[in-house]
Each structure stands twice: as structure tokens, then as C-alpha cells.
Amino acid sequence: MIYDVAVIGAGPAGSVFAARAAHAGLRIVLLDRSPSREHRIGESLPGSALHLLRNSGFVPSATHIALKGSISVWGNPTPLMEDHFGHPFGAGLRLDRALFDVELRAWAHNEGADLVHEAIRLVRRDGTERFLLETNGGRQVGSRYVVDASGRSAVAARRLGAEHQDRQTLFAVYGMLPVRDARCTRTVVVATREGWWYAVVVPGDRLLASFHCDPRHARWLLRNAGAWLEHLKGVPIIAEQFGICTGELPTLAIADASSRSLDCCQGDGWLAIGDAVRAFDPLTSQGLYAAIQDGIDGAEAVTASLSGNHEQLGAFIKRRAARHASIERRRRQVYLAEDRWAETPFWTLRQKQVERRHYIQANGRDV
């Protein structure tokens, strides 16, 4: 069978694209390795993204719990509280992220997309206008169009000629902890001398805490869970909001949280969406929203393109570029707002990256 679109990657961007494109009548195959129930970082769904999903016909299960606001300690030691009920779309959700991804894949399947739980090994033209994809298990899949939703790795786009550029390095070392008080319904973000903390209570009354820092420090913390925990306990607002239990040391994991982009987001018969085209610094809190928006708008644009209307795809790419530029401006503003430790390696590097990015955008070339 030749599919209309092969979607590589069954995270939020890929699953939403597959669901919407299948709903529009396209023959869709969604390819990804076997899903895991291990915790994935990326558990805060803003109200704007929840609104997009509900309008598209998807309603998350009751397992996920309300996200009502945020607390930040940034630029000065005074905590700043923000209430999400004042936002146009109201409260968001604190997700059981692994379950959320399963629910999105099930939605895509229920809309008519075929699911293949195998990773992609090869993407190439088959000598015609079609693509031939081969999985690690030896399965071959043909399609008229390829959508790369494989995340930061951008597996298909890079094999089709795109390259990563403009990488601002950041790593997250995170763990799950029991807490004495799980009533806090807000995310907490706190800047420190070596980086910044993010903490939130997720379904199951567990605290997810993540420290964002430079790679060398992240690797050291990964090997020294005791130091990671002592650092966390030494952050007053986190201890005050959650009441961290001091028992066994947490099992830590590390994630690449670097912001990066592709030099080319689409080509003849293919399109990159979500983190594959632009991975955002988690400080922007825009990763899930951007992935879901890409999935919805990308499905509409590709559906039109396969029917001969290519203008909609061009308009989508322009809108997305403008949205990405706005998010990048916001990221620069937030990092520039924290100047208490401007002499330390982490913050010095952030300042230099912001200044270099601003210079390139203003002058069209590097320093």
C-alpha cells in the first residue's frame, strides 16, 4: 500500500498531524519505536494548547490535573506569582506525559492512521515521485509525502539534506521525588548561580524537579544525586511550596534541552514539524504548544498541497517562522532579565549567546 503521508515520530506533533490528516481523508502511517511508559520530561500543557486540542476533537483523560499558574524567582529574590485563570484560555494541565502521548497516538489510530511501532532506518526516493522508508525491522513503507516529527534528532529531514544550526547548549538533570504537600497547582521556576530549577507536582502526587545547566555540570550532577538533592533542598521557594521528603536518593536522568533549528524546514515532498524543525529552550514553555499548533496547521497545509494547492503550505511556513521569531525574542528577554550572577560561566554564556543571536539577526552574518 502506498500512503499519502508517512509521519515519522509519534510524539505530540506527529500524532496530532496524523489524527488531523487522517480525519481529512488522507491515508496516513505513523511510525515510531515501541512506546515507553517511562517518564518523559515536558509535562506542562498550557491552556492555549489545551484549547487547540479540544477544538480539534481530542479531550485528555481525567488522569491529568489542573495547572493553575506559576511562581518564578528570576532577576531578583522576590517570588512572582502568575494566575493562569487570567489568561484567555484559562488553566492548563499537569500531564502524566507518557500517558498523554499514548492517548494522542490512540486518537490518531481512531481517526484512521495506521501505527507502525518500529524506528526508521532509511528514507529515500524510490526513483519516482514517491518515498521509500525502511524500518529497523526490515519493513518497507511507500508514501507520496514525508513529515518529520522525530523530535530534536530530525531523522528524516537530515537524511533529506537539512542540517542543524544555531545550537544554544543546555542540559536538564531531573528526577521524581515524594513530597509532603502535593497541593501546589503551579509550576515553579528559580534562577540560581549555576543554572535554573523547574519544579511541578505531576499526577501521582510526585514532584518532578529539573535543573538546567551546562553539559559538564549536568554530567557531574547525574553522577552525584546527593549533591543534586541538597541543591534542590537549598532553594527556599521549592522547599516552602512542596515540602520535599528526604528519604532515598532519587534516580536521576539527563535530557538535552538545547534550543536548535534546521537550516531548511521543507523540501520537495517533505516537511519538518515540532521539535524537528525548531527545538525551544524549555524556559519559553512553548515546546508542547508549538508541536500541537504545527500538527494542526501542518496537516491542513499538506492536505491542501497534495490536492494541488501549494499556497497554503507557504503561508503556514511564513506564519510559523513569525511565531518562532516571537518565541526567540521572548527567550532573549527572559535570560537578559537575570543579571545577578553575570560573572558566572552559565550566565556569561547565556548573555553571549543572546548577544550573538541578536547580532546575526540584525546584520545577517556572524560576528
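Note that the numbering runs from 1 along the sequence shown for the chain.
- V155 and V277 fall into different hydrophobic clusters, where Ile, Leu, Val, Met, Phe, Trp and Tyr are joined by side-chain heavy atoms under 4.5 Å apart, directly or via other members.
- Aromatic rings from W347 and W74 are positioned such that their centres are separated by under 6.0 Å.
- Cation-pi geometry between R125 and F131 is met: under 6.0 angstrom from the ring centre, within 45 degrees of the axis.
- Side-chain atoms of D114 never come within 3.5 Å of backbone atoms of V29 as a donor-acceptor pair (strictly under, hydrogens ignored).
- Taking CG from D96 and OG from S61, the interatomic distance works out to 8.0 Å, rounded to the nearest 0.5 Å.
- A donor-acceptor pair under 3.5 Å links the side-chain atoms of N309 to the main chain of E311, judged by distance alone.
- At least one side-chain heavy atom of V189 sits under 4.5 Å from a side-chain heavy atom of L283.
- The side-chain heavy atoms of E43 and L208, taken from C-beta on, include a pair separated by under 4.5 Å.
- Annotation for N55: atom CG counts as buried by contact number, over 12 foreign heavy atoms lying within 6.0 Å.
- Remark: R159 pairs with no residue by the salt bridge (Lys or Arg N to Asp or Glu O under 4.0 Å) rule, at least two apart or across chains.
- The minimum heavy-atom distance linking L30 with A108 is given by the pair CD2-CB, 4.2 Å.
- Between the side chain of R152 and the backbone N or O of A276, no donor-acceptor pair lies under 3.5 Å.
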From CA spacing to verdict: side chain to side chain donor-acceptor pair (under 3.5 Å), S150, D148: CA-CA 6 Å; S150 62; D148 187 345; 2.5 Å; yes

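- Judged by distance alone, the side chain of R158 and the main-chain N or O of S153 form a donor-acceptor pair under 3.5 Å.
- Contact of the V302 side chain with the Y145 side chain is registered, since non-hydrogen atoms from C-beta on lie closer than 4.5 Å.
- Under the 3.5 Å distance criterion, the side-chain polar atoms of S210 are left unmatched by any main-chain donor or acceptor of A172.
- V200 and I65 sit in two unconnected hydrophobic clusters of ILVMFWY residues. Membership requires side-chain heavy atoms under 4.5 Å apart, directly or through other members.
- In this structure, CZ in R105 is found 10.5 Å from CD in E103, a value given to the nearest 0.5 Å.
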R97 and L288: CA distance, side-chain angles, deciding distance, side chain to side chain contact (heavy atoms under 4.5 Å, CB included) verdict: CA-CA 11 Å; R97 179 54 194 275; L288 274 178; 4.1 Å; yes

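- When all heavy atoms of T78 and N76 are compared, the pair lying nearest together is N-OD1, 2.9 Å.
- Scanning all heavy atoms of the two residues, the minimum distance from L133 to S143 falls at CD1-OG, 3.9 Å.
- No option in R260, R278, R323 other than R278 meets the salt bridge (Lys or Arg N to Asp or Glu O under 4.0 Å) test with E328.
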Stepwise side chain to side chain contact (heavy atoms under 4.5 Å, CB included) test for R330 and T284: CA-CA 7 Å; R330 174 60 179 160; T284 66; 5.6 Å; no

W196 and Y335: CA distance, side-chain angles, deciding distance, side chain to side chain donor-acceptor pair (under 3.5 Å) verdict: CA-CA 11 Å; W196 55 274; Y335 273 115; 3.2 Å; yes

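- Contact record, L262 with A272: CD1-CB, 4.0 Å, taken as the closest heavy-atom pair.
- Between the CG atom of L132 and the CZ atom of R124 there is a distance of 4.5 Å, given to the nearest 0.5 Å.
- Salt-bridge annotation for R350 and D214: present, with a side-chain N of the basic residue lying under 4.0 Å from a carboxylate O of the acidic one.
- Proximity of the aromatic rings of W197 and H231 is defined here by a centroid distance below 6.0 angstrom, and this criterion is met.
- Two residues are said to be in side-chain contact when any heavy atoms from C-beta on lie closer than 4.5 Å; H51 and P46 fail this criterion.
- The shortest side-chain heavy-atom distance between L306 and V5 falls under the 4.5 Å cut-off.
- Around the NE2 atom of H23, the shell of radius 6.0 Å holds no more than 12 heavy atoms that belong to other residues, nucleotides or ligands.
- L229 is listed as a side-chain neighbour of L249, based on a closest heavy-atom distance under 4.5 Å.
- Side-chain atoms of I237 and V73, non-hydrogen and from C-beta on, do get closer than 4.5 Å to each other.
- Of all the heavy atoms in L207 and A199, the pair that sits closest is CD1-CB, 4.0 Å.
- Salt bridge annotation for D294-R320: present, with a cationic side-chain nitrogen under 4.0 angstrom from a carboxylate oxygen.
- To the nearest 0.5 Å, the span separating CD1 on I254 from CZ on R223 amounts to 9.5 Å.
- Side chain of S258 to main chain of L170: a donor-acceptor pair is present (N/O by atom type, distance under 3.5 Å, no hydrogens or angles).
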Residues V188, V190; criterion side chain to side chain contact (heavy atoms under 4.5 Å, CB included); working and verdict: CA-CA 7 Å; V188 177; V190 183; 3.7 Å; yes

Stepwise side chain to side chain donor-acceptor pair (under 3.5 Å) test for H324 and Q286: CA-CA 10 Å; H324 288 181; Q286 290 296 309; over 6 Å; no

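- Side-chain atoms of S15 come within 3.5 Å of backbone N or O of A10 as a donor-acceptor pair.
- Under a hydrophobic clustering in which Ile, Leu, Val, Met, Phe, Trp and Tyr are joined whenever their side-chain heavy atoms come within less than 4.5 Å, directly or via other members, I120 and F17 fall into different clusters.
- A distance-only check finds no donor-acceptor pair linking the side chain of H164 to the backbone of A154 [under 3.5 Å].
- Put simply, I71 and L67 are part of two different groups of oily side chains (I, L, V, M, F, W, Y) that touch within less than 4.5 Å, one to the next.
- Each salt bridge (Lys or Arg N to Asp or Glu O under 4.0 Å) pair with one or both residues in residues 189-203, not counting sequence neighbours, appears once here: R193-E343.
- With contacts defined as side-chain heavy-atom distances shorter than 4.5 Å, the pair H212/Y198 qualifies.
- Between H310 and S305, the closest heavy-atom pair is ND1-OG, 2.9 Å.
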Criterion side chain to side chain contact (heavy atoms under 4.5 Å, CB included) on V146 and I8, from CA distance to verdict: CA-CA 8 Å; V146 168; I8 302 173; 4.0 Å; yes

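- Using cut-offs of 30° and 60° for the angle between ring planes, the W107 and F58 rings count as tilted.
- Criterion: ILVMFWY side-chain heavy atoms under 4.5 Å apart, direct or through other members. Under it, I273 and L26 are part of a common hydrophobic cluster.
- With sequence neighbours left out, the salt bridge (Lys or Arg N to Asp or Glu O under 4.0 Å) criterion links R121 to E134.
- With T303 contributing its side chain and A299 its backbone, the two residues share a donor-acceptor pair below 3.5 Å.
- A donor-acceptor contact shorter than 3.5 Å is absent between the side chain of D32 and the backbone of H117.
- Comment: E118 engages R139 in a salt bridge, judged by a side-chain N to carboxylate O separation of less than 4.0 angstrom.
- Atom-to-atom distance recorded for R186:CZ and S44:OG is 13.5 Å, nearest 0.5 angstrom.
- Here CG of D281 is found 11.0 Å from OG1 of T169. Values are rounded to the nearest 0.5 Å.
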